[in-house]
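So that the names make sense, note that chain A is the first sequence line, chain B the second, and so on, each numbered from 1. Every heavy atom of this structure was used, including side-chain atoms; hydrogens, water molecules and symmetry mates were not.
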There are 2 protein chains.
Amino acid sequence: MKLTSKGRYAVMALVDLARFNNINPVSLRDISLRQGISLDYLEQIFSKLKKNEIVKSIRGTQGGYVLNKNPNDIKLTNIFHAVDEKVKTVQCKKESKRGCNGKATKCITHNLWDELEIHINTFFENKSLNDLLNNNKETRV
Amino acid sequence: MKLTSKGRYAVMALVDLARFNNINPVSLRDISLRQGISLDYLEQIFSKLKKNEIVKSIRGTQGGYVLNKNPNDIKLTNIFHAVDEKVKTVQCKKESKRGCNGKATKCITHNLWDELEIHINTFFENKSLNDLLNNNKETRV
DNA sequence: CTAAACTTGACCATTTTAGTCAGGTATGTA
DNA sequence: TACATACCTGACTAAAATGGTCAAGTTTAG
Ligand code: FES
Ligand code: FES
């Protein structure tokens with residue numbers, strides 16, 4: 001199981017954004033330089049973050065992005081959901097009654113994977129952007 | 001983040017194996033039929049499980065595989081390790097001092113991903129094959 | 001007017017996944 | 001001893017996912 005770069009970058013970028021949030025909109029170019037993430041890729045990511053109302057955009061010169069919510073109300077769950085970084089422990093369809101191998105009943109390990117999925121998601125639900133901020137607060141501008 | 005089929009299959013197959021373990025060696029063909037997993041793929045998986053001393057093989061007619069340890073002593077961690085299903089939340093090298101983007105220091109979210117990795121691995125360390133067995137015990141042969 | 005910065009969508013190389021295929025080799029049983 | 005069963009090994013591959021790049025816009029402060 002691995003975390004994709006998209007998810008990791010999204011969180012990195014938002015932490016960076018949150019640190020400078022109070023002052024001015026933050027341009028993707030700045031985030032790109034500070035965090036070493038491709039600008040083009042960041043644009044894809046922020047497009048999704050915006051659609052999910054996690055950030056707001058300000059166009060034009062001196063524009064950039066601003067958080068659209070209190071950092072306390074932005075959980076990792078929200079971020080991951082926005083960029084389609086989802087936890088998938090099973091192949092079988094949730095809705096369907098059929099198992100992962102197409103059989104009529106769920107397989108012998110299905111419950112285990114459900115447990116695992118909940119275990120991981122709990123972690124994401126309990127972490128807010130604010131939690132991350134406190135560990136890395138930038139005192140200077 | 002998603003769990004790969006290899007990891008899922010390995011656990012499915014071992015649970016299946018464990019259920020019939022006491023009686024006779026279990027052939028991959030049987031597991032393949034019961035669990036709906038490709039025989040050829042199972043062979044790859046069991047080759048690794050054997051190298052890691054989780055199962056023993058018995059060749060020839062009426063042969064098959066048997067658990068090499070007490071089901072209580074086979075944790076998910078061991079199984080996943082055997083089949084190279086590893087939890088990877090970061091891109092940066094563990095040993096290296098460098099960050100994920102090649103910078104000199106670890107990035108602002110590095111600690112978070114470490115926490116996450118530990119969180120997930122804890123789940124795997126606390127689940128044994130026996131735990132899974134009890135939920136799905138087959139009473140008949 | 002123009003440069004900075006967001007916006008959109010297409011495109012693509014590489015890697016990983018989830019297998020298949022084609023050969024073996026060992027051994028219990030008839 | 002023949003033979004069927006079942007393990008063993010390595011090469012190969014189609015399809016999907018990943019991690020981007022590239023091109024061509026639009027908006028707006030100064
Ligand atoms: S994982 Fe859901 S049926 Fe196998
Ligand atoms: S994840 Fe380790 S440095 Fe970014």
Between [N] atom [atom2] and [X] atom [atom1], what is the distance in whole Å?
| X | N | atom1 | atom2 | answer |
| --- | --- | --- | --- | --- |
| B:Lys48 | C:dA18 | NZ | C1' | 12 Å |
| A:Leu17 | C:dA5 | CG | C1' | 14 Å |
| A:Ile58 | C:dC6 | CD1 | C1' | 11 Å |
| B:Leu42 | C:dG19 | CG | C1' | 11 Å |
| B:Ile45 | D:dT9 | CD1 | C1' | 15 Å |
| A:Arg29 | C:dA3 | CZ | P | 15 Å |
| B:Leu49 | D:dC8 | CG | P | 11 Å |
| B:Asp30 | D:dA6 | CG | P | 7 Å |

Which pair of non-hydrogen atoms, one from B:Thr89 and one from B:Trp113, has the smallest distance, and what is that distance?
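Closest pair (atom of B:Thr89, atom of B:Trp113, distance): OG1-O, 2.9 Å.
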What are the two closest heavy atoms between A:Val83 and A:Lys6, and how far apart are they?
O-CD, 3.5 Å
Please check: side-chain N/O of B:Glu117 versus main-chain N/O of B:Lys88, any donor-acceptor pairing under 3.5 Å?
no
Touch class at under 4.0 angstrom, heavy-atom based, for [X] against every strand present:
| X | result |
| --- | --- |
| B:Phe46 | nothing |
| A:Ser47 | nothing |
| B:Val55 | nothing |

Could you work out, with side chain to side chain donor-acceptor pair (under 3.5 Å) as the rule, every residue matching A:Ser5, not counting sequence neighbours?
none
Going by the rule side chain to side chain donor-acceptor pair (under 3.5 Å), which residues pair with A:Ser32 if we only count those two or more places apart in sequence or in a different chain?
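A:Ser32 satisfies side chain to side chain donor-acceptor pair (under 3.5 Å) with no other residue.
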Same cluster for A:Leu14 and A:Ile58 if Ile/Leu/Val/Met/Phe/Trp/Tyr side chains link at under 4.5 Å?
no
Reading 5' to 3' through nucleotides 18-30 of chain D, protein heavy-atom contacts under 4.0 Å coded B for base, S for sugar-phosphate only, - for none:
SBBBB--BBBBB-
Let me have the donor-acceptor pairs involving side chains of residues 37-47 of chain B, under 3.5 Å, with sequence neighbours excluded, atom names and distances please.
unit_1: B:Ser38; atom_1: OG; unit_2: B:Asp40; atom_2: N; d: 3.3
unit_1: B:Ser38; atom_1: OG; unit_2: B:Tyr41; atom_2: N; d: 3.1

Which residues in residues 73-89 of chain B have at least one heavy atom lying under 4.0 Å from any atom of DNA chain C?
none
Distance from A:Tyr9 atom OH to B:Thr109 atom OG1, nearest 0.5 Å?
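One finds 10.5 Å between OH of A:Tyr9 and OG1 of B:Thr109.
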Report all side-chain donor-acceptor pairs from residues 62-82 of chain A shorter than 3.5 Å, counting only partners two or more places apart or in another chain.
unit_1: A:Asn68; atom_1: ND2; unit_2: A:Glu53; atom_2: O; d: 3.2
unit_1: A:Asn70; atom_1: OD1; unit_2: A:Asn72; atom_2: N; d: 2.7
unit_1: A:Lys75; atom_1: NZ; unit_2: A:Asn72; atom_2: O; d: 3.4
unit_1: A:Thr77; atom_1: OG1; unit_2: A:Phe124; atom_2: O; d: 3.2
unit_1: A:Thr77; atom_1: OG1; unit_2: A:Glu125; atom_2: N; d: 3.2
unit_1: A:Asn78; atom_1: OD1; unit_2: A:Lys75; atom_2: N; d: 2.8

Check the phosphate of C:dC6 against A:Lys56, side-chain N and O only, distance under 4.0 Å to OP1 or OP2. Yes or no?
no
